[in-house]
Amino acid sequence: MTAFKSDFLNTLQERGFIHQCSDFEGLDALAAKGEATAYVGYDCTARSLHIGNYLTMMMLHWLQQSGNKPITLMGGGTTMVGDPSGKDETRAIRTIAEIEANKESIRGVFAKVLTYGDGKSDAIMLDNAEWLTKLNWIEMLRDVGRHFSVNRMLTMDSVRLRLEREHEMSFIEFNYMVCQAYDFVELAKRTGCHLQMGGSDQWGNIIMGVDLGRRMGTHQLFALTTPLLTTASGAKMGKTAQGAVWLNADQFSPYDFWQYWRNTEDADVGKFLKLFTTLPMSEIRKLEALGGSEINEAKKVLATEATALLHGRDAANGAAETARRTFEEGALAESLPTVETPRGELEAGLGVLNAFVKAGLVASNGEARRQIKGGGLRVNDESVTDEKMVLSAANLTPEGVIKLSFGKKKHVLLKPA
């Protein structure tokens, strides 16, 4: 393990954030002096960011903790283009109104892990729509486009993999890396930014920006990427039966977030404690060393600390207590995730398959049928054996809800409205 001069790179290395860097020595010297300004770009393709974005947010967090300056760049402009990285199909073109709504919904999450303000190491937030939407096409081609080699662009993973699979790539997507590279140069000029960070799938695009900066006369720029998230079993991290693990509480409740971490595979506990909590490494090493059934206590610590960082300590403790009451006491905890259904729909009779889909516990009626055959679905803690079962007001508990369960750890309360 390399020993760096800067707390920033030492922390990232010790916690497992580093995948590739364009120049460790140069970046290390800058960060050691507290003079590194770094950014991560976040496109506004949905109402919430997801767990993969959380990883780069934590990189910005540790940058700030080491006395350096973070920039969160909202992709109001690049979202109009669409990043082709890791995709086989062209991303849906979103309207300006959709992008603006997503942007507003996303903004608040960054303040959970970063401190914004006017100080030397305080974070700032910018939007690339500010400059990308004002570019003149001919000037862009002449002043920026001439620095790009199409031969090289075709070797970038985001393009090459799409073409190898013989999936069409639109001209607008092909230009995404040009926009991203130009962002880096623009931030270097506007803010003195030195470093762009991102997932390993962004390496090619970030290096394009480093090279464009050199060609357009900026100060030296740096690239730093983090490994893509996978579990110990090799699965892509951040997917559940309900879909993506969103960061906004209205799309993925603090309780669901807590449960997501509580269900971590044994082999991943130490890794995720390092990446998604701010616990000291000495404490993480103690938790990593736990074996047998004691590893479950480490998982609870992971769940509570990761949830506290994003949703606050009260929400994290509440989720932990809800889980304890539900699983250890068998109680019906009112703070379980709740989905409302029209009262008239319940009075007319709600099919059990539809109910589980509505609750987000399964993705389709077909999946619900498969789970019923395997004994995986329960209503008010009773196993469902008949896929034609109909839920009605008669199934309401004394608390006025119907408890739907998928396995032992996923529960949703269905509440008539």
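Here the structure is a predicted model, which means the values were calculated and not measured.
Checked for salt-bridge contact, Glu186 and Lys189 miss the test: no charged N lies under 4.0 Å from a carboxylate O. The residues Lys299 and Asp266 are annotated as salt-bridged, a charged nitrogen and a carboxylate oxygen being separated by less than 4.0 angstrom. Ion pairing of Glu104 with Arg107 is present here, as a side-chain N (NZ or NE/NH1/NH2) and a carboxylate O approach within less than 4.0 Å.
At distances below 3.5 Å, at least one donor-acceptor pair connects side-chain atoms of Arg15 with backbone N or O atoms of Thr277.
With contacts defined as side-chain heavy-atom distances shorter than 4.5 Å, the pair Lys274/Glu288 qualifies. Between Asn136 and Met140 the shortest side-chain heavy-atom distance does not fall below 4.5 Å.
The two residues Phe222 and Phe184 have their closest heavy-atom pair at O-CZ, 3.4 Å. Considering all non-hydrogen atoms of both residues, Pro70 and Leu60 come closest at CB-CD2, 3.8 Å. In this structure, Ala244 and Phe252 approach most closely via the heavy-atom pair O-CD1, 3.8 Å. Minimum heavy-atom separation, Cys21 to Leu224: CB-CD1, 3.8 Å. For the pair Ile18 and Phe24, the tightest heavy-atom approach, listed with the atom from each and the gap, is CG2-CZ, 3.7 Å. Smallest separation of non-hydrogen atoms from Lys134 and Glu130: CD-O, 3.1 Å.
Aromatic ring centres of Phe110 and Tyr42 lie closer together than 6.0 Å. In this structure, Phe8 has its ring center no closer than 6.0 Å to that of Trp62.
For residues 296-317, every residue pair satisfying the ring pair (Phe, Tyr, Trp, His ring centres under 6.0 Å) rule, not counting sequence neighbours, is listed here: Phe257-His311.
Considering only residues two or more places apart in sequence or on other chains, Ser392 meets the side chain to side chain contact (heavy atoms under 4.5 Å, CB included) condition with Ala394, Asn395.
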